[in-house]
2 protein chains.
Amino acid sequence: MNQTFLSAALLPLLAFAVPAVAQSGPSPSERLRDAALGDNVAFDIIEGLTTEVGPRLAGSEAEARARTWAVAKLRALGFRNVHVEEYRMPTWLRGAETAEIVAPFPQRMAVTALGHSGATPPQGITAQIVAFDDLDALKAAPDASVRGKIVFVSHGMRPAQDGSSYGYFGPVRRAAPSIAATKGAAAVVIRSLGTDYHRNPHTGLTSWAEGVSPIPAGALSIPDAENLQRMLARGKPVTMHLVLTPRFVGDQVSGNVVAEVPGSDPGAGILLIGGHLDSWDLGTGAIDDAAGVAITAAAARRIMETGRPRRTIRVVWFGSEEVSGYGSKAYRAAHQAENVVFVAESDFGADRVWRMDPTFAAADKPIVDRIAALLAPLGITVGTQRAEAGADLGAWAKAGVAAIELNQDGTRYFDLHHTPDDTLDKIDPAQLAQNVAAWTAMLSVLAYAREEIHGAPTAP
Amino acid sequence: MNQTFLSAALLPLLAFAVPAVAQSGPSPSERLRDAALGDNVAFDIIEGLTTEVGPRLAGSEAEARARTWAVAKLRALGFRNVHVEEYRMPTWLRGAETAEIVAPFPQRMAVTALGHSGATPPQGITAQIVAFDDLDALKAAPDASVRGKIVFVSHGMRPAQDGSSYGYFGPVRRAAPSIAATKGAAAVVIRSLGTDYHRNPHTGLTSWAEGVSPIPAGALSIPDAENLQRMLARGKPVTMHLVLTPRFVGDQVSGNVVAEVPGSDPGAGILLIGGHLDSWDLGTGAIDDAAGVAITAAAARRIMETGRPRRTIRVVWFGSEEVSGYGSKAYRAAHQAENVVFVAESDFGADRVWRMDPTFAAADKPIVDRIAALLAPLGITVGTQRAEAGADLGAWAKAGVAAIELNQDGTRYFDLHHTPDDTLDKIDPAQLAQNVAAWTAMLSVLAYAREEIHGAPTAP
């Protein structure tokens, strides 16, 4: 407990319930927001999770250790009703992974298997590379040009503040392996879906169409992908030796970790927020998504420290977001009948929030306006996009629950995303605290608002 | 052959031999210098060597392929007397390498073996970590505190424009393993000698004192080293499983590649310049030191294209700089009786030259002044440090041969040095061309100077 918090704890509770009126000095929400700029709880959570657990692949024993760690941490932070909700999921584990050009220019390349990749034999396979500049070129290729070869697919992904390049180029990872498999390819390597220039390939899930047997599917680091392109440009056949030996290990236990700040009015509905506890297995999952679980918990805790808000804040640290979202599906299936009136998730790193996208009923405009006014001094504008609420809570928003997206600056997110480089040192404490301040301000309005929070219009 | 070169080739030769006099427009050297800012030969050499050969560890078959590539390239560029001078050297090759914390916080760490590391058994070793903040702390440790343990040594290396932090912290890599071995340690892991935050550990040679048997010695990436420090700060014993299986494979062939721009006056002495052809085996050796061989050859070629200079320029692409400098020793042993009047090497990346340090006889001041005047418009100042001429040519400078160091900006050099990240994309073509321009300007004076070039005073 730090001094910043003490002053916040002494704020009169009632103040939160009263819409802004003429007053002298900062309002309670403003004071809470500004105190949160000195937050260190979020950093402490990220530091602890990356140091004491590290990588935590969905379904693995490491993810189980992360749940144990999370329960202890959330209890220590004072949350109530802290528990794990388990489910089972088909689990995939990484094996050996090497790639080597054997002709005409022998040298090793940095490769990693995509999630749900098939496996080569332990000794690997050797085949000629057939290259495509993008997914459409692969789709258009005759089967005979691909059969028995290692398909290489490139793309032109570049950084974007809103991460939109991931949406545009994502199908290269998600779909190219399945398409290549149907054409009889021996394996696939893609240019990593990323924006950095380090020898750290980006993993991430690939999908196999119904009835398609997985083939080995990996990602080359971007320097290696460009080196391969230079080799191919010389015009001679290029042959690669590829070893990828991941394996499916059947159904394993995974789970969601739940914690609450109990509200005083059960009829006022639940604010459901969170991020995901699992991570890819190459890095320590600092930005993806220790940051999100940390930001949401740290903000909820700041509301907790004001006393008992009107609405319950439920924080869920989801399992298995990275692998098919089994955690979010299990959670929604078990809880969709509950009176959840608002959802928001944090899963785009720890850089500053620059825009909020609210999706509310028209009647809730006064609530949105109070939040917007609180966020503006943090440099956060109001956008007009529909809040999709992300992979873990999107189903709730789609079903008409009010939602806000607090959009983070993603300019460097895809330098690190799903790589070994996703480590604690990439967290900027000042930007992290700005996130906590934004979430705290938002929750202070929503948790104490006397008004109803209505269902939002569903998407057309 | 490009247009830039054509205009340079038409310059009247005599102009180079005449000290600056009143003239209209740029001098021939100035025109050569400025044309070199559009150089693409150096980039082409780096691109070719990193793409068509890649990593080229001293003594390996990859280094032999690099020599074959180099001979063909230098001949294609028009150099004369292109040949390889072979020698033999004890050779070390990398094996498997993994590190994993097994307790109290299980997770993998990125590790690489230091050059000349000993080996663990194939299944690795498991031992407790004993940590030291620096080399002095290790030296002071009682043997009993180290015996049977894995010694971890950290340090505080930070970037420096002149690379001086490498000199200061270098003994952590070069000496800690031998010191730990004499105290009975099972193995050593150091914090990588580097300044980046990527999961790419920095290799580099370590040295074993006379009579000390090599033990396994590796470097952790900096994010991993800091993670380990956080674990240790928790106060519980930390245990690591370490696999490093490099091996010494006895004497193998290595070699220096030599090429010349023949001079017209055998009595005027030889200008001996170059960089090193070998690289560490993790990256493709773009900045270390494809850049150096490329810069020196590209500059020499620009002098070649002016016709026949007075002095012979001899470019040597040394073998085995990274591993004990066998190449430079073999070269000096074979050639020290020759009339070498000047030495300079390029081995600090490809970022811009910011200072020249000349070491000449006082009588050669007019030559130095002409060079300084040509370099000033490139943003290059004149320093007062003695030119040590680097690892490959330092013995010549120490023996009294005149030398110049064209010091490059090393601020980001140790982000990349000896890591998998030393790849083509790290080369900034504009800064690379500034290097070529500086070298071209310097050589244009030295190759054509009518004055004698005297031996420099030797170091006190």
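In the text below, chain A, chain B and the rest are named by the order of the sequence lines, each starting its count at 1. When reading the values below, keep in mind they use all heavy atoms of this one structure, side chains included, and skip hydrogens, waters and symmetry mates. What you are looking at is a predicted structure, and each value in this text was computed from that prediction instead of being measured.
- The interface of residues 223-234 of chain B with chain A, defined by heavy-atom distances below 4.5 Å, comprises Pro223(B), Asn227(B), Arg230(B), Met231(B), Arg234(B).
- Identified by a heavy-atom distance below 4.5 Å to chain A, the contributing residues of residues 280-294 of chain B are Leu282(B), Gly283(B), Thr284(B), in residue-number order.
- Counting heavy-atom pairs under 4.5 Å between each of Thr419(B), Leu424(B), Ile222(B) and chain A puts Leu424(B) at the top.
- Here Thr126(A) pairs with His241(A) under the side-chain hydrogen bond (donor to acceptor under 3.5 Å, both in side chains) rule; sequence neighbours left out.
- If you measure heavy-atom distances from Pro104(A) to chain B, you find no contacts under 4.5 Å at all.
- Not a single donor-acceptor pair under 3.5 Å links the side chain of Gln107(A) to the backbone N or O of Glu52(B).
- In terms of the side-chain hydrogen bond (donor to acceptor under 3.5 Å, both in side chains) criterion, His417(A) has no residue partners (sequence neighbours excluded).
- Heavy atoms closer than 4.5 Å to chain B are found in the side chain of Thr423(A), but not in its backbone.
- Within 6.0 Å of CZ in Arg65(B) there are more than 12 heavy atoms belonging to other residues, nucleotides or ligands.
- Considering Asp196(A), Asp425(A), Asp421(A) as possible partners of His198(B), the one that fulfils the side chain to side chain contact (heavy atoms under 4.5 Å, CB included) test is Asp421(A).
- Here CG of Leu416(A) is found 14.5 Å from OH of Tyr197(B). Values are rounded to the nearest 0.5 Å.
- For the set Pro106(A), Gly54(A), Ala110(A), the entry with the most heavy-atom pairs within less than 4.5 Å of chain B is Pro106(A).
- By the neighbour-count criterion of 12 heavy atoms within 6.0 Å, atom CG of Asp133(A) is sparsely surrounded, having that number or fewer from other residues, nucleotides or ligands.
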